[in-house]
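What follows is a single structure, written as structure tokens, with notes after it.
Both counts, for ligands and for their atoms, begin at 1 and track the order of listing. When a residue number appears, it is its place in the shown sequence, counting from 1.
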Amino acid sequence: MDLQSVLCWRAALLLLLMPCGCRCVSVHILNEEPLHVIPGSGLVLKASIQPGPLEKVSLVTWEREAETGAAPTTETLATCPGVGSKCSDTKPNVRVDVEQQGTTLQINGYSRADSGVYAVTVTDHRGAKTTAHCIVREYEPVHHVSVSVNVTHSSLVCGEAWGTDPHFSWLHERVAISTTVGKVSGDGSMLSVTMSPICGHFTCMVSNKMGYSSATYTAAPCETEGRGMTAAVVCLVLLLLLGGALALLLWRYGNAHTATGTDTNLISGSGHKAKH
Ligand SMILES: *[C@@H]1O[C@H](CO)[C@@H](O)[C@H](O)[C@H]1NC(C)=O
């Protein structure tokens with residue numbers, strides 16, 4: 001067998017092993033799932049369609065069904081009879097296009113009711129169907145932030161209920177955490193406190209695209225804060241004392257000066273008197 005026939009056999013074998021790879025339409029949703037959509041904004045789902053060399057797309061349908069529930073009902077959103085033709089959209093805020101390489105579904109003014117499992121089905125000219133799915137959920141704001149203390153491990157744990165894609169950050173006395181205060185875990189939700197004793201206010205801030213929320217754990221007041229205050233008071237008292245002493249000195253100096261002046265006057269007065 002020469003090289004060419006070996007390659008030929010290999011190609012034939014590959015075709016036999018992967019019949020779908022070459023002989024069916026392939027469809028693939030390009031969005032990452034689950035896709036989270038902010039209420040009121042637009043939802044855009046894109047799918048690529050790759051017909052085999054002998055296939056023609058004869059029908060594209062977009063459907064949706066609830067993600068959970070005992071018997072989710074399937075709702076047809078649009079039906080498109082092939083490339084370039086107009087789709088029949090069933091809802092006013094839904095628009096579907098079909099092009100040579102793919103199809104796009106667009107929903108304006110997304111609401112909670114638009115959440116679910118979206119399915120795009122491509123039917124070829126022989127009636128063979130291929131379907132791709134994508135889970136779409138509502139983007140939730142940050143909910144119920146709390147800070148709990150793990151006494152045995154001297155750490156603080158920040159909790160958040162069901163917000164989408166929460167990002168955690170920590171503050172100590174409204175300043176970002178330094179290494180002298182503690183170390184934040186990789187995902188940000190836990191703070192291992194290294195300062196001893198633990199004191200002051202620890203705030204956990206949780207944010208996502210829709211806003212942020214925070215919670216604060218208050219430990220005993222910091223000693224250094226007290227010391228700082230004491231130092232300030234001592235300083236103030238010292239300054240007052242110094243000022244007082246200075247004023248006293250000046251007053252006495254002034255007095256002594258005036259006294260000398262009077263003396264001179266007296267002397268000159270007596271001089272006058274002496275002249276009379
Ligand atoms: C404290 O943290 C450790 C380590 O993360 C964990 O194993 C333990 O269960 C935590 N204790 C409490 C009471 O949460």
Practice problem: Would you mind checking which non-hydrogen protein atom is closest to atom 1 (C) of ligand 1, with the distance to 0.1 Å? | Solution: Asn150 ND2, 1.3 Å
Practice problem: Sort out for me which residue in Thr123, Val60, Val122 forms a side-chain contact (heavy atoms from CB on, under 4.5 Å) with Val25. | Solution: Val122
Self-check item: Intermediate values then yes/no, salt bridge (charged side-chain N to carboxylate O under 4.0 Å, His left out), Glu33 and Arg137
Solution: CA-CA 9 Å; Glu33 78 166 349; Arg137 294 179 186 147; over 6 Å; no
Quiz item: With a 4.0 Å cut-off, strictly under, does atom 7 (O) of ligand 1 pick up any protein heavy atom?
Solution: no
Quiz item: For atom 11 (N) of ligand 1, is the nearest protein heavy atom closer than 4.0 Å?
Solution: yes
Exercise. Could you tell me how the ring of His172 sits relative to the ring of Phe202: parallel (under 30°), tilted (30 to 60°) or perpendicular (over 60°)?
Key: tilted
Quiz prompt | Expected output: side-chain Asn208 to main-chain Glu140 donor-acceptor under 3.5 Å | solution = yes
